[in-house]
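Written out below as structure tokens is the structure these notes cover.
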Protein chains: 2
Amino acid sequence: MRNAEATRERILDAAMAEFSAYGIAGARVDRIAKTAGCNKNMIYIYFDNKETLFSTILQKHLTRVYEELPFTPDDLPGYATRVFNFAMTNPDLIRLMAWSSLEQKTESPAERGTIHDLKVAALLQAQNAGQVNKTFAPGFLLTAIMALATAWTASNPFGPSLDPDSTKNPDELRNSIAEAVKLITQGDTEKHEQ
Amino acid sequence: MRNAEATRERILDAAMAEFSAYGIAGARVDRIAKTAGCNKNMIYIYFDNKETLFSTILQKHLTRVYEELPFTPDDLPGYATRVFNFAMTNPDLIRLMAWSSLEQKTESPAERGTIHDLKVAALLQAQNAGQVNKTFAPGFLLTAIMALATAWTASNPFGPSLDPDSTKNPDELRNSIAEAVKLITQGDTEKHEQ
DNA sequence: GATACTTTACTAACTGGTTAGTTATATGTT
DNA sequence: AACATATAACTAACCAGTTAGTAAAGTATC
């Protein structure tokens, strides 16, 4: 029953559930401790404070995303599909990101910005290679794709809360998203390309 | 200095700023009272509790949106443009909606659902009239349009925090959004319409 | 038109419960 | 013993909501 690493993990898991559900301001440290099955003080031994705990968890899961979701500028509908699948199977992380963008004053950590820039650069290359049409700037495309792929998550005010039926047909939804991304990125490659 | 209506309005304004900035859990009633320049108790005379105050404000501003933003199924790029303009000039309301979808347990009020259904029905009619192509279900289209039109607001985790430059060219952004919506809604009307 | 009474708008101080974070102490491990 | 892991008890600050009371404005009565 004495296992530092395991306790730390249980805290992280419990905190993930708590923060995802209630955000930073709404999260209760006592509740995290109870869920983790440990004493509250353990949380303050492993982490500085509530905010740090939140950031640690967000960072950890974001890293996981970057590993699980390779960006494929030559197959953007496929990328959107994978983002959609990920968002549907990881609603907690999507909520965590939503809380973060509302509650955390600081801009996104430098790492995220860098990764974003890499994608934009790759997208520009794909455009120059004729794989993606040049109708839109690469930065616009990336945000548009992410917006479409995550529009049906609970954190979107215009998402499933207004259109509850849509999430009951995830397959149709997935196909529609892929098709929409295709229209935006490959819609008129031939016409405009040269 | 004794003016019930004016005081109530000041409370609503102060609460809008507070809730928009900190959400429900993060909002402080004392701070609202201070901003409104009134005693905290006045808030509890005019409103039941913090949650009710939040709901009242959200409702009030949503009503305003429905009046200011007529839905035009025959001109969806134009509608997206207007939503984009509205979102850019009313970031507080967008944040309020984001907080609501994260913090409020209850589903969206019946009114919002009804308005949504009306739009979906109108969209279906526009499809049958050949004004909008039938590639996508009307419910999908509506959510996709809203997602695109509001993707560059602060509350979107994939929005401006990752792509800060984009919001410096709002005109280009607006045009791109309109163009993207056009591609999705009118992209291949001729081909599929027959 | 002055006086007593009622209602409305407002305030200061308080209450009871909550909460992030700490300290002191105990227990298992090597 | 020495160290790492864990717990219980505690504290100081905070915070939503309440209470009890004051002052202004209106209304009735003479």
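Below, all heavy atoms of this structure are taken into account, side chains as well, without hydrogens, waters or symmetry copies. Throughout, protein chains are lettered first and strands after them, A, B, ... in sequence-line order, and every chain is numbered starting at 1.
- Comparing dC15(D), dA25(D), dA20(C) by their closest approach to the side chain of Asp30(B) singles out dC15(D).
- Remark: side-chain polar atoms of Asn156(B) are paired, donor with acceptor, to backbone N or O of Phe158(B) under 3.5 angstrom.
- Checked by atom type and distance alone, the side chain of Arg95(B) pairs as donor or acceptor with a backbone atom of Leu102(A) at under 3.5 Å.
- Relative to the side chain of Asn41(A), the nucleotides dG21(C), dA12(C), dT23(C) differ in distance, and dT23(C) lies closest.
- Residue-level contact check: Asn49(B) touches the backbone only, with heavy atoms under 4.0 Å from sugar-phosphate atoms and none from bases.
- Of the candidate nucleotides dT11(C), dA20(C), dT5(D), dT5(D) has the atom nearest to the side chain of Met42(A).
- Every residue meeting the ring-ring contact (aromatic ring centres under 6.0 Å, His included) condition with Phe71(A), not counting sequence neighbours, appears here in chain and number order: Tyr79(A).
- Checking each of Tyr46(A), Tyr44(A), Phe19(A) against Leu53(A) for a side-chain contact (heavy atoms from CB on, under 4.5 Å) leaves exactly one that passes, namely Phe19(A).
- Following rounding to the nearest Å, Tyr44(B) (OH) and dG17(D) (P) show an atom-to-atom distance of 4 Å.
- With Val132(B) as the fixed residue, the side-chain contact (heavy atoms from CB on, under 4.5 Å) test singles out one of Asp74(B), Leu76(B), Ile184(B): Leu76(B).
- For the contact set between residues 21-29 of chain A and DNA chain C, defined by any heavy atom under 4.0 Å, the members are Ala27(A), Arg28(A), Val29(A).
- Rounded to whole angstrom, the span from the CD1 atom of Ile45(B) across to the P atom of dC10(C) amounts to 9 Å.
- Ranking dT19(D), dA16(D), dA6(D) by closeness to the Lys50(B) side chain, first place goes to dA16(D).
- Atoms OG and CD1, on Ser155(B) and Ile94(B) in that order, are 6.5 Å from each other to the nearest 0.5 Å.
- Aromatic ring centres of Trp152(B) and Phe84(B): separated by at least 6.0 Å.
- Distance NZ (Lys34(A)) to C1' (dT19(C)): 15 Å, rounded to an integer number of Å.
- We find that CZ of Arg2(B) is positioned 4 Å from C1' of dA24(D), with the value rounded to whole Å.
- A straight line from NZ of Lys40(A) to P of dT19(C) spans 10 Å, rounded to a whole angstrom.
- Under 4.0 angstrom from either OP1 or OP2 of dA6(D) there lies at least one side-chain N or O belonging to Tyr46(A).
- Under 3.5 Å, the side chain of Asn39(B) and the base of dA9(C) form no donor-acceptor pair of N or O atoms.
- In this entry the distance linking CD1 of Ile43(A) with C1' of dA6(D) reads 13 Å, nearest Å.
- For the OP1/OP2 pair of dT5(D) and a distance below 4.0 Å, the side-chain nitrogens and oxygens of Thr7(A) include no atom meeting the criterion.
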